[in-house]
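Reckoned from all heavy atoms, side chains included, excluding hydrogens, waters and symmetry mates.
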Amino acid sequence: MRVTRETPTIVVLGGGYTGVMSAVRLARRTAAQVILVNPTDRFTERLRLHQRAAGQEPVDYRIPELVKGSGVEFVRGRAVRLDPEGCTVRVAGTGGERQLRYDYLVYALGGVTATTVPGVEAHACTLDSAATAAGLAARLSELSRQGGGMVAVAGSGLTGVEAAAEIAESHPDLRVVLLGRDEPGSTMGPKARRHLRRALDRLGVHVRAGVRVTRVLPDAVELDAGEPMPVDVLLWTAGVVAHPLAREAGLEVDGAGRVVVDASLASVSHPTVYAVGDAAAVRQPWGEIHGTCQSGIPTGAHAADAIARRLRGRRPRPFRFGYLHQPVSLGRRDAVIQFTRPDDTPGRWFLTGRAAVAYKEAVTSSPATIYRVSRWLTIPARMLSRTGARAGRPVATG
């Protein structure tokens, strides 16, 4: 693309699910110079990090390949300072620091695992990147070579469930315990939840619900009742926090550090900044969106569409979204899919077994295909998520 002084520049911070979606769609829908910034050229498939942690090697995608032919310029570097007043971002890379100016910015830095509990940062493993997942895989393999050991997964949400199941299936010689305040699958309907629990039992995962880890030691965890539990490896999946850059830059953020946005996903304090995915506090008539790939990709696409409309002098449309499903893998040979209402509460239908495995794999592998297709055509929003009046309608209770 030929860049002139009149050509607007759009910088996208973050090369995850949402950032790549925004960048490719912006290049397709505008004549702007689109710059995608990420610390590494590796595209992290967060939906497969539990597989990497168990020692598997999924396809390794690279961001330059995903955006190839789209017109997106990839800059490898870490955003270290954002100045929304001056519309600049400072990026640190292998060749030093550089400053990028923008007309619009898409803030897609997402979140990282919350490590506020004492000892977590020093002694626990996380699934924040392919590198941390690979580090966990190495520790698990070493434990297996030594004849076994205790692996604890803290956090009984869907990420913790998937990780515990994957580790137990890949390393049957290890004892795996899942720790959490809630029962595993607590967001699902009773039948789907029973299937999930039976799968964990079959894989030998010991579940301890109603507990909270209050401190992590080099070889143990302390629970809220003061009870110490010896562990050889701890995987921490209990909670996510936002990247601090937005707060440091003076953008209006909520208590969790997420950028507060309007109906079009523009920052309420700095309208040339659009926040997407885990980085944004997105409200819908039925409630607030929680960060998943399912909601992240549609926010990335919508932000691109909103900026494209503004560049053409048109008013952006409000973002409308509703959840469709909760897909959960239970090792490589089982899964459960809970279909949901738009507000992510469980609906009547669910899927298990081989059909659920195929469904989950189709969902997990879809982003790369979406990006490739988006280089050549604009995928309608209704094909990316549940949208429209039904999605945005408050959910009746009682």
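In terms of heavy atoms, P298 sits closest to F319 at O-CE1, 3.7 Å. Here the closest non-hydrogen pair linking G15 and V20 is O-CG2, 3.5 Å. Of all heavy-atom pairs spanning V363 and P367, the tightest one is O-CD, 3.6 Å. Looking at every heavy atom in both residues, T18 comes nearest to G296 through CG2-O, 3.0 Å. Nearest heavy atom pair, residue K360 against residue S329, reads CE-N, 3.8 Å.
S267 pairs by the side chain to side chain donor-acceptor pair (under 3.5 Å) definition with S269, not counting sequence neighbours.
With contacts defined as side-chain heavy-atom distances shorter than 4.5 Å, the pair L26/V24 does not qualify. In this structure, the side chains of L235 and V151 stay at 4.5 Å or more apart for every pair of heavy atoms. Under the 4.5 Å side-chain criterion, counting only non-hydrogen atoms from C-beta, V216 is not in contact with P118. For the pair T237 and V153, the minimum side-chain heavy-atom distance is below 4.5 Å. A heavy-atom distance below 4.5 Å is found between the side chains of L200 and V207. Annotation: side chain of R375 is not in contact with side chain of L66 (no heavy-atom distance under 4.5 Å). Side-chain contact check for F321 versus T387: every heavy-atom pair is 4.5 Å or farther apart. When side chains are defined from C-beta on, Y274 counts as touching P316, because their heavy atoms get closer than 4.5 Å.
Between the R28 side chain and the W376 main chain, a donor and an acceptor come within less than 3.5 Å of each other. The backbone N or O of R341 sits nowhere less than 3.5 Å from a side-chain atom of T345 that would complete a donor-acceptor pair. Side-chain atoms of S22 come within 3.5 Å of backbone N or O of G300 as a donor-acceptor pair. Between the side chain of T132 and the main chain of T126, a donor-acceptor pair closer than 3.5 Å is present. Although no hydrogens or angles enter the test, the distance criterion places a donor-acceptor pair under 3.5 Å between the side chain of T214 and the main chain of E222. S295 contributes a side-chain N or O that, together with a main-chain N or O of T292, makes up a donor-acceptor pair within less than 3.5 Å. With hydrogens and angles disregarded, no donor-acceptor distance shorter than 3.5 Å links the side chain of W349 to the backbone of T340. A donor-acceptor pair is defined here as one N or O able to donate and one able to accept, closer than 3.5 Å; no such pair exists between the side chain of Q99 and the backbone of V89. Formation of a donor-acceptor pair under 3.5 Å by the S144 side chain with backbone atoms of L140 is found in this model.
No salt bridge links R372 with E65; every basic N to acidic carboxylate O contact stays at or beyond 4.0 Å. The existence of a salt bridge linking E227 and R208 is confirmed by a sub-4.0 Å separation between a basic side-chain nitrogen and an acidic carboxylate oxygen. Electrostatic pairing of D305 and R309 does not count as a salt bridge here, judged by no charged N lying under 4.0 Å from a carboxylate O. Using a cutoff of 4.0 Å between basic side-chain nitrogens and carboxylate oxygens, R81 and E248 are not scored as salt-bridged.
The distance from atom CE of M150 to atom CG of D219, rounded to the nearest 0.5 Å, is 12.5 Å. Summarising the geometry, atom CD1 belonging to I297 is positioned 16.0 Å from atom NE2 belonging to H302; distances are rounded to the nearest 0.5 Å. Interatomic distance, R76 CZ to R78 CZ, rounded to the nearest 0.5 Å: 13.0 Å. With values rounded to the nearest 0.5 angstrom, T30 atom OG1 is found 11.0 Å from Y104 atom OH. In this structure, OG1 on T352 lies 8.5 Å from CZ on R198, to the nearest 0.5 angstrom. The distance from atom CD1 of I35 to atom CD1 of I10, rounded to the nearest 0.5 Å, is 10.0 Å.
Counting non-hydrogen atoms of neighbouring residues, nucleotides and ligands closer than 6.0 angstrom, the CZ atom of R333 reaches no more than 12 such neighbours. Counted within 6.0 Å of CZ on R312, heavy atoms from surrounding residues, nucleotides or ligands total more than 12; the atom is thus considered enclosed. In the displayed structure, R215 atom CZ is contacted under 6.0 Å by at most 12 heavy atoms of other residues, nucleotides or ligands.
No side-chain donor from either of S156 and D182 sits under 3.5 Å from a side-chain acceptor of the other. Using modelled atom types, one finds no donor on one side chain facing an acceptor on the other under 3.5 Å when comparing E252 with H270. Side chains of Q51 and Q56: a donor on one and an acceptor on the other come within 3.5 Å. At a cut-off of 3.5 Å, with distance as the only test, a side-chain donor of Q33 or E73 sits close to an acceptor on the other residue. Side chains of Y359 and R354: no donor on one and acceptor on the other come within 3.5 Å. Defined by atom type and a distance below 3.5 Å, a donor-acceptor pair is present between the side-chain atoms of D128 and T113. No side-chain donor from either of S385 and Q294 sits under 3.5 Å from a side-chain acceptor of the other. Counting only N and O atoms by type, the side chains of E142 and Q146 include a donor and acceptor under 3.5 Å apart.
Both V67 and V91 belong to a single network of hydrophobic side chains, linked directly or stepwise wherever heavy atoms of I, L, V, M, F, W or Y lie under 4.5 Å apart. Linking Ile, Leu, Val, Met, Phe, Trp and Tyr residues whenever their side-chain heavy atoms come within less than 4.5 Å places I370 and V34 in a single cluster. V282 and V12 fall within a single hydrophobic cluster, where Ile, Leu, Val, Met, Phe, Trp and Tyr are joined by side-chain heavy atoms under 4.5 Å apart, directly or via other members. Placement of M21 and L377 within a single hydrophobic cluster is found when ILVMFWY residues are connected by side-chain heavy-atom separations under 4.5 Å, directly or transitively. Hydrophobic clustering (side-chain heavy atoms under 4.5 Å, transitive across Ile, Leu, Val, Met, Phe, Trp, Tyr) keeps L47 apart from L330.
Each of V11, L36, V37 was evaluated against V75; a single residue qualifies, V37, per the side chain to side chain contact (heavy atoms under 4.5 Å, CB included) test.
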Applying side-chain hydrogen bond (donor to acceptor under 3.5 Å, both in side chains), run through Q326 and T187 and close with a yes or a no. CA-CA 9 Å; Q326 296 172 8; T187 57; 3.0 Å; yes

Starting from the C-alpha separation in whole Å, work towards a yes-or-no answer on side chain to side chain contact (heavy atoms under 4.5 Å, CB included) for V328 and M188. CA-CA 11 Å; V328 184; M188 296 181 164; 3.4 Å; yes

Step-by-step side chain to side chain contact (heavy atoms under 4.5 Å, CB included) determination, L105 to L82: CA-CA 10 Å; L105 182 134; L82 172 62; 3.9 Å; yes

Please determine whether side chain to side chain contact (heavy atoms under 4.5 Å, CB included) holds for the pair V373 and I379, giving the CA-CA distance in whole Å, both sets of side-chain angles, and the decisive distance to 0.1 Å. CA-CA 8 Å; V373 173; I379 301 175; 4.0 Å; yes

Could you walk me through whether R258 and D278 pass side chain to side chain contact (heavy atoms under 4.5 Å, CB included), step by step? CA-CA 7 Å; R258 299 173 302 176; D278 292 350; over 6 Å; no

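Screening residues 166-221 for ring pair (Phe, Tyr, Trp, His ring centres under 6.0 Å) gives no qualifying pairs among residues at least two apart or on separate chains. Residue pairs meeting the salt bridge (charged side-chain N to carboxylate O under 4.0 Å, His left out) criterion with at least one member in residues 95-120, sequence neighbours excluded, are R90-E97.
Aromatic ring centres of H290 and Y323: separated by under 6.0 Å.
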